[in-house]
Amino acid sequence: MIGRLNHIAIAVKDLAGATATYRDVLGAKVSAPLPQPEHGVTVVFIELPNTKVELLEPLGANSPIAKFLEKNADGGMHHVCYEVDDIIAARDQLTANGARVLGDGQPKIGAHGKPVLFLHPKDFCGTLVELEQV
Ligand code: CO
């Protein structure tokens, strides 16, 4: 069902510092910071030859990554995003197999303007999984 790895998201407290690390130490191509108030994060996109890394910094009072950063003071891997062809079919197959979809189970428009869902980390090896329809 799942296809390509679309991105790995890393939550950080200091976006400028994290961006400098990826640019200057790892030699990666990094984007300008992009505030996404509707998602409660500011994002820097790191384009790799085969996938993307997204650095996420909390934006606003109710950021979905604030709690994660309380528990992970140095930052850390927040989620992985896999591509699917049909997000509704994927959701129905997953829930039929006992996996839990977060929220109301309806796809939302994600950071790339495409429908996304998040799956409960307890059902996937302790990793929050995002599905994106491409
Ligand atoms: Co994501």
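Numbering of ligands and ligand atoms starts at 1, following listing order.
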Give a yes or no on whether a salt bridge exists between Arg4 and Glu83, defined as a side-chain N under 4.0 angstrom from a carboxylate O. yes
Do the ring planes of Phe45 and His112 sit parallel (below 30°), tilted (30 to 60°) or perpendicular (above 60°)? tilted
Per the side-chain contact (heavy atoms from CB on, under 4.5 Å) rule, which among Leu69, Val41, Leu15, Val12 passes with Pro58? Leu69
The Co ion (ligand 1) as vertex, arms to NE2 of His79 and NE2 of His7: angle to 10°? 110°
Any N/O/S atom, side chain or main chain, of Glu54 closer to the Co ion (ligand 1) than 2.8 Å? no
For the side-chain contact (heavy atoms from CB on, under 4.5 Å) test, which of Leu119, Asp123, Leu117 pairs with Val129? Leu119
Which atom name does Glu130 have for its N/O/S atom nearest to the Co ion (ligand 1)? OE1
